[in-house]
Amino acid sequence: MSTAPRPRGQGRQSDEVHVIAPRRVSFDWQETPLHWIPDEPTATHVINVLHLLLPAGERWFVRVFKEALPLVRDPALLRQVKGFMGQEATHSVQHSYVLDHFADQGLDTGPYTRHVDFLFEKLLGERPPFGVPVSAREWLRFRLSVIAAIEQFTAVLGDWVLGAEGLDRADPDAMMLDLLRWHGAEEVEHRAVAFDMYQHCAGGGLPRYSRRVEGMVVVAPVMLWLWAWGASYLIRHDPRLAGRLRYSLREHNRAVSKGLLPDWRELGSAIPRYLRRSYHPSQEGSLRRAVEYLAASPAARAAAGAVGRAALRT
């Protein structure tokens with residue numbers, strides 16, 4: 001495993017830092033059914049909300065980090081941040097392809113994703129919305145705190161999906177499961193980068209910690225709202241369901257009990273951990289399990305094989 005010198009971030013970190021780099025992947029969605037978890041439309045669509053949020057969200061991560069790059073004075077952290085940006089850009093593209101596949105199957109996600117685009121491009125854009133009197137520096141620091149808080153949840157979700165035996169027992173579409181586990185593994189792999197970036201760029205002392213808390217206070221309820229709205233939208237507009245089902249907590253909790261969705265306690269406990277002054281995301285998940293999956297991912301192996309075959313033809 002490649003390593004680099006430890007960045008000068010705050011919080012507990014290992015003495016060596018795993019190097020972050022984007023990977024080539026290749027997914028073929030032609031055979032993936034709309035209900036890729038058989039007979040489980042609620043679980044399927046709750047997870048499918050990821051595809052609604054991530055294309056715009058991860059493009060936004062990259063834009064904000066590009067704004068903040070001139071503030072990074074640590075070469076090791078700069079390498080990690082650039083690797084993070086490459087991974088997030090790849091995630092955005094791959095989840096966009098899934099939305100195209102949904103459209104081919106008669107599920108139009110545009111009316112929902114337009115709201116997501118407005119959130120990231122306008123409300124969280126380069127300038128504060130509605131003329132709010134916030135300095136450019138503080139607005140950038142706030143958005144970095146939002147990204148760090150979101151990444152707390154993506155690391156928890158990534159670790160969950162890597163070990164979700166309930167999903168394996170449900171016989172899901174192999175391509176979709178690989179996408180989720182490849183992405184989840186990279187979220188675990190880079191789980192500390194956004195936090196370290198925030199810590200590095202956000203000054204020091206109590207104001208930096210207070211802004212970190214502020215980011216989570218904003219992110220947690222907004223993510224819950226977007227997820228419930230997204231699941232409701234997908235189920236309501238699913239052409240196979242034809243209006244026969246609505247999203248409900250009862251069905252959601254039934255899927256949780258079968259191991260098809262993460263437990264509420266598992267998600268909720270991520271918040272108080274994050275709010276501890278001494279917290280660092282390197283405590284989340286298993287880097288070893290993530291790296292092992294990335295080495296075995298069928299999509300990553302298929303892309304590597306395609307590159308190798310192309311090289312032989314030249």
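Bear in mind the structure is a predicted one, so any value in this text is a computation, not a measurement.
Side-chain contact of His101 with Asp104: a donor-acceptor pair under 3.5 Å is absent, judged by distance alone. Ser269 and Arg273 share a donor-acceptor pair across their side chains, judged by distance under 3.5 Å alone. Side-chain atoms of Glu186 and Tyr293 form no donor-acceptor pair, as typed in the model, at a separation below 3.5 Å. In this structure, a donor-acceptor pair under 3.5 Å is absent between the side chains of Asp74 and His200.
Among residues two or more places apart in sequence or in another chain, the ring-ring contact (aromatic ring centres under 6.0 Å, His included) test is passed with His252 by Tyr247, Trp264. Residues satisfying the side chain to side chain contact (heavy atoms under 4.5 Å, CB included) test with Ser248, not counting sequence neighbours, are Arg250, Glu251. For Arg289, the side chain to side chain contact (heavy atoms under 4.5 Å, CB included) partners at least two apart in sequence or on another chain are Asp159, Leu162, Ser286. With sequence neighbours excluded, the residues that form a side chain to side chain donor-acceptor pair (under 3.5 Å) with Thr154 are Glu151, Glu187. Among residues two or more places apart in sequence or in another chain, the side chain to side chain contact (heavy atoms under 4.5 Å, CB included) test is passed with Ala170 by Ile37, Leu260. Remark: Pro38 engages no residue in a side chain to side chain contact (heavy atoms under 4.5 Å, CB included) (not counting sequence neighbours).
Side chain of Asp238 to main chain of Leu234: no donor-acceptor pair is present (N/O by atom type, distance under 3.5 Å, no hydrogens or angles). Looking only at distances, a side-chain donor or acceptor of Arg208 sits under 3.5 Å from a matching main-chain atom of Gln199. A donor-acceptor pair under 3.5 Å is formed between the side chain of Arg191 and the backbone N or O of Val188. With Ser92 contributing its side chain and Glu88 its backbone, the two residues share no donor-acceptor pair below 3.5 Å. Side-chain atoms of His95 never come within 3.5 Å of backbone atoms of Leu52 as a donor-acceptor pair (strictly under, hydrogens ignored).
A distance of 6.0 Å or more separates the ring centres of Tyr97 and Phe27.
Screening Val72, Asp196, Val19 for a side chain to side chain contact (heavy atoms under 4.5 Å, CB included) with Gln80, the sole residue that qualifies is Val19.
Taken to the nearest 0.5 Å, the CD atom of Glu67 stands 8.5 Å off from the CG atom of Leu144. Residue Leu71 holds its CG atom at 8.5 Å from CZ of Arg141, rounded to the nearest 0.5 Å. Phe195 CZ to Glu284 CD: the interatomic distance, rounded to the nearest 0.5 Å, is 11.0 Å. For the atom pair Leu179 CG and His183 NE2, the distance stands at 8.0 Å (nearest 0.5 Å). Atoms CG and CZ, from Asp100 and Phe102 in turn, are 10.5 Å apart once rounded to the nearest 0.5 Å. The distance from the OG1 atom of Thr32 to the CD atom of Gln30 is 9.5 Å, given to the nearest 0.5 Å.
Taking each heavy atom of His35 and Thr44 in turn, the nearest pair found is CA-CG2, 4.0 Å. Met176 and Val98 make their closest contact through CE-CG1, 4.0 Å (heavy atoms, listed as atom of the first residue, atom of the second, distance).
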Run the side-chain donor-acceptor check on residues 55-63: report pairs under 3.5 Å with partners two or more places apart or on a different chain.
from, atom 1, to, atom 2, distance (Å)
Glu58, OE2, His91, ND1, 3.4
Arg59, NH1, Pro55, O, 3.2
Trp60, NE1, Leu124, O, 2.7

Name the atoms and distances for all side-chain donor-acceptor pairs under 3.5 Å in residues 209-224, with sequence neighbours left out.
from, atom 1, to, atom 2, distance (Å)
Tyr209, OH, Leu275, O, 2.4
Ser210, OG, Leu206, O, 2.9
Arg211, NE, Glu138, OE1, 3.2
Arg211, NH1, Tyr198, OH, 3.3
Arg211, NH1, Ala202, O, 3.2
Arg211, NH2, Glu138, OE1, 3.1
Arg212, NH1, Tyr274, O, 2.5
Arg212, NH2, Arg276, O, 3.4
Arg212, NH2, Arg277, O, 3.4

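A salt bridge is defined here as a Lys NZ or Arg NE, NH1 or NH2 lying under 4.0 Å from an Asp or Glu carboxylate O, and Asp168 with Arg181 meets this definition.
Applying the ring pair (Phe, Tyr, Trp, His ring centres under 6.0 Å) test to pairs two or more places apart or on separate chains, those with a residue in residues 141-168 are Trp139-Phe142. Counting only residues at least two apart or in different chains, salt bridge (Lys or Arg N to Asp or Glu O under 4.0 Å) contacts with residues 26-54 comprise Glu40-Arg254, Glu40-Lys258. The list of side-chain hydrogen bond (donor to acceptor under 3.5 Å, both in side chains) pairs with a residue in residues 113-123, not counting sequence neighbours, is empty. Contacts classified as side-chain hydrogen bond (donor to acceptor under 3.5 Å, both in side chains) and involving residues 220-230 (residues at least two apart or in different chains) are not found.
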